[in-house]
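Below: the structure, in structure tokens.
Fair warning: this is a prediction, and the values are worked out from it, not measured in the lab. Start at 1 with the first residue, then count along the sequence.
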Amino acid sequence: MNRAFRYVAVGAIAVSLLAGGSAAAFAAPQDLHSPAPVVATAPAAAALTAKASATTVNAWQEFRISGTAKGIKAGTKVTVQQKQGTKWVSLPAQTPVNASGTYSVRVKLGIKGVNQLRMGAGSTVSPVVKVTVR
């Protein structure tokens, strides 16, 4: 009886191992051929904001342009750009983005009339800010 019990037990274990092993063998090729789920995370789009501390100033009167920089590394320099004719010209006024993602730069303008300004960091630019110089 002991020997018969062992044969039955070994047979049952063998059948369960073969059944489990064959299920895994059939499941494995299906998993290999199915495409893995792709999670695409787009990098944060870089963006700059800008606001002038005054909308009207006298010639060579100092004012500030302040704003935030999102998706731009702290320490990156942002530069004031002025529209002259049809071209944007970088002025010698620049400042680094601080650790909190903000910046503030002092500006003096001598070209009288409405000046269109923006901030630039690489290919990222802010919306236009208009300052009238009298």
Side-chain angles (χ1 to χ4, degrees):
M1 186 82 139
N2 207 2
R3 182 182 288 175
F5 181 72
R6 274 192 267 158
Y7 285 130
V8 170
V10 169
I13 291 172
V15 168
S16 66
L17 286 176
L18 286 175
S22 65
F26 289 114
Q30 292 173 353
D31 290 341
L32 291 175
H33 295 294
S34 63
V38 176
V39 179
T41 55
L48 287 169
T49 65
K51 183 175 181 179
S53 62
T55 56
T56 303
V57 295
N58 292 321
W60 304 111
Q61 179 184 348
E62 184 178 288
F63 65 96
R64 288 190 165 278
I65 297 179
S66 303
T68 59
K70 294 183 181 177
I72 296 174
K73 188 177 173 182
T76 301
K77 290 190 179 188
V78 291
T79 304
V80 178
Q81 296 177 349
Q82 180 183 43
K83 191 164 190 179
Q84 295 178 1
T86 59
K87 295 185 180 183
W88 286 97
V89 177
S90 293
L91 300 179
Q94 62 183 5
T95 189
V97 174
N98 64 26
S100 63
T102 61
Y103 66 88
S104 182
V105 61
R106 295 180 294 183
V107 181
K108 291 182 182 181
L109 298 173
I111 299 174
K112 292 187 178 184
V114 177
N115 286 267
Q116 295 183 49
L117 306 170
R118 69 182 186 185
M119 299 302 294
S123 62
T124 304
V125 294
S126 72
V128 175
V129 175
K130 292 182 181 180
V131 177
T132 303
V133 177
R134 295 183 184 203

Hey, could you give me the NZ/CD distance between Lys108 and Gln61, rounded to the nearest 0.5 Å? 10.0 Å

Between the CZ atom in Arg118 and the OG atom in Ser126, the distance rounded to the nearest 0.5 Å is 7.5 Å

Taking every non-hydrogen atom, the tightest pair across Val129 and Ala50: CG2-O, 3.5 Å

Reference residue Gln84; test side-chain hydrogen bond (donor to acceptor under 3.5 Å, both in side chains); the match among Gln82, Lys87, Gln81: Gln82

Non-hydrogen side-chain atoms of Leu48 and Ile72 separated by less than 4.5 Å: yes

Quick one: do the Thr56 and Thr132 side chains pair a donor with an acceptor below 3.5 Å? no

Which heavy atom of Gly71 sits nearest a heavy atom of Ala46, and at what distance? O-CB, 3.9 Å

Nearest-0.5 Å distance that lies between atom OG in Ser90 and atom CE in Met119: 10.0 Å

Rounded distance [0.5 Å steps], CG in Leu109 versus CG in Asn58: 12.0 Å

Ser53 side, atom OG; Arg106 side, atom CZ - distance, nearest 0.5 Å: 12.0 Å

Membership question, hydrophobic clusters at under 4.5 Å side-chain separation (ILVMFWY): are Val105 and Trp88 in the same one? no

Shortest non-hydrogen contact between Ala121 and Val78, atoms and distance: CB-CG1, 3.8 Å

So, Thr49 side chain and Thr68 main chain: donor-acceptor pair closer than 3.5 Å or not? yes

Can you give me the closest heavy-atom contact between Ile111 and Val133, atom names plus distance? O-CB, 3.4 Å

So does Gly113 get a backbone contact from the side chain of Asn115, meaning a donor-acceptor N/O pair under 3.5 Å? yes

Does one hydrophobic cluster hold both Leu91 and Val57, with members joined at side-chain heavy-atom distances below 4.5 Å? yes

Within the 4.5 Å heavy-atom criterion, are Lys77 and Tyr103 side-chain neighbours or not? no

